[in-house]
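A note on names: the letters A, B, ... follow the listed sequences, proteins ahead of strands, and every chain is numbered from 1. We use all heavy atoms of the structure for the numbers below, so side chains are in, but hydrogens, waters and symmetry mates are not.
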There are 2 protein chains.
Amino acid sequence: MPKDTFFNLPEDKRTQVIEAALDEFAAVPYAQASVNRIVARAGISKGSFYQYFHSKEDLFLYLLERMGEEKMTYLAPAFAQAETVDFFTLLHDLYAAGLRFGMENPRYAAIGEHLLRARNTPIYERVLRGGAATTQAFFRDLLYKAIERGQVRSDVDLDLMSYLMGELNALILTYHTERVAATYDDRLLATVDRFIDFLRRGLGPTSNASHSLPQNKENKA
Amino acid sequence: MPKDTFFNLPEDKRTQVIEAALDEFAAVPYAQASVNRIVARAGISKGSFYQYFHSKEDLFLYLLERMGEEKMTYLAPAFAQAETVDFFTLLHDLYAAGLRFGMENPRYAAIGEHLLRARNTPIYERVLRGGAATTQAFFRDLLYKAIERGQVRSDVDLDLMSYLMGELNALILTYHTERVAATYDDRLLATVDRFIDFLRRGLGPTSNASHSLPQNKENKA
DNA sequence: CAGTCACATGACCACCTGGTCATATTGTAT
DNA sequence: ATACAATATGACCAGGTGGTCATGTGACTG
């Protein structure tokens, strides 16, 4: 948590600091992020920085907290319908919302990506200890319920697939921003559609292609 | 390219240096890798290091080159059957071989992973310029041929899927080493089997689940 | 023996890092 | 005007970085 001094700051100055920090942490992974560059960009002195934050990590964790809150506002509508809607539809909406968040907040997306790749580094476990929700556990739960409802084959590898579903979210965002376009438009929705359709075929009951309703008949080897 | 001095070294000393470098570059991404730690570990002086290599980058690129060669020896058998075998079978063998490489060469695998996550950093483009083959282009070609042969639906997103197939290779390795086991055994093969089966359902002609033969009938939305 | 060449060495360089702290400036309440 | 606390500041610190270079060592050659 930043010190009181930081929250007492006039809003525009506080914003400047946050903006500068976002730029820095989006540009390079945590270990390479430089406090010196942040203060230079924010137009404050090094001394002031440490009046605002206990450490570089303090600032970083604060940004992650803000990021979590911001992302939730995107995902909330999809979550609201979690119980009433088909698994793949829910998945589609979650992905679309997540991608929209990434597109409209590219710096947050970059930070998240760096973090995802920072496993085995000290900062990562401190972030987890800080209580960051693990996406994978969430997807696992979702998948499990979908199997119970017969919307997903019962012989899928629950662990593997929930892991992949979490990672794929970030992957598709990267793919789309790098190869297609950096704006949130129909093309992104089309990509999501195709991807969910792929998942539906891969995970759903046999012959569950496209938007046909699930059927509970199993088909083993 | 390392200097001649390096290649003139007695083999055991050369090995020491390479071992130390592998340890370092596997432990932390390129930017954080320390020449000082490498020389300490290798038991040579800083001065000697720069008699062997033009720079830290020189050493790093050399390791990548060795890695490429080593990985090829794993993949070669799978490649040999590229023209004669079903797309998903080939994919299965490539994945299995790639994962075996990763399991038996964990430091190479770690380096590769760091690199995969180092896009947007200066070293990455220098690696690409150095001529590293892009996995994605390869998968794209593979997928295209599979479509022509009717082993894959013609309406799949070629770009997206080839991108994902490249990334998923690394992802599955990460998943398996982190969550299942760090040895190459039947469990890894089982994971690959399940994953390929998932792809077969997701990508193949409708009702192409499990090991049934491909059918050429198209099925659009 | 001297000469030459390949290699080994660690002190040293400029530069950067996260973090500290004595001091100066400001705002506010009396 | 005075006092007091909150905030701003940049020189400074110890420790790291990649890279250099004068000097030294040892082996081979004439």
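- With B/Tyr175 contributing its side chain and A/Leu160 its backbone, the two residues share a donor-acceptor pair below 3.5 Å.
- Side-chain nitrogen and oxygen atoms of B/Tyr50 include at least one within less than 4.0 Å of the OP1 or OP2 phosphate oxygen of D/dG19.
- The CD1-P distance, from A/Ile123 to C/dG18, rounds to 12 Å in whole Å.
- With rounding to whole Å, B/Gln32 atom CD is found 15 Å from D/dG18 atom C1'.
- Spacing between atom CG of A/Asn36 and atom P of D/dG16 amounts to 17 Å, rounded to whole angstrom units.
- At whole-Å resolution of the value, CZ in A/Phe60 and C1' in C/dG18 are 16 Å apart.
- Ring pair A/Tyr144/A/Phe139: centre-to-centre distance not below 6.0 Å.
- Pairs passing the salt bridge (Lys or Arg N to Asp or Glu O under 4.0 Å) check and including a residue from residues 177-187 of chain A, sequence neighbours excluded, read A/Glu178-B/Arg119, A/Asp185-A/Arg187.
- A/Leu173 approaches A/Ala109 most closely through the heavy-atom pair CD2-CB, 3.8 Å.
- Atom pair A/His54:NE2 and C/dG18:P shows a separation of 18 Å (rounding to whole Å applied).
- Ring centroids of A/Phe6 and A/Phe49 are separated by 6.0 Å or more, keeping the two rings apart.
- For the pair B/Lys56 NZ and D/dG16 P, the computed distance is 15 Å after rounding to whole Å.
- A/Arg37 has a side-chain polar atom (N or O) that falls below the 4.0 Å cut-off from OP1 or OP2 of C/dT17.
- A straight line from CD1 of A/Ile38 to C1' of C/dG19 spans 14 Å, rounded to a whole angstrom.
- Using a 4.0 Å heavy-atom criterion, one finds that A/Ala31 contacts no nucleic acid atom at all.
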| Base versus backbone protein contacts along nucleotides 5-12 of chain D [heavy-atom cut-off under 4.0 Å; B, S, -] | --SBBB--
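- The two residues A/Pro2 and A/Tyr62 have their closest heavy-atom pair at CG-CG, 3.6 Å.
- Here the two rings, on B/Tyr30 and B/Tyr124, have centers that are 6.0 Å apart or farther.
- Within residues 18-29 of chain B, no residue has a heavy atom under 4.0 Å from DNA chain C.
- Checked against the 6.0 Å centroid threshold, B/Tyr95 and B/Phe88 do not count as a close aromatic pair.
- With rounding to the nearest 0.5 angstrom, the CD atom of B/Glu24 is 9.5 Å from the CG atom of B/Asn36.
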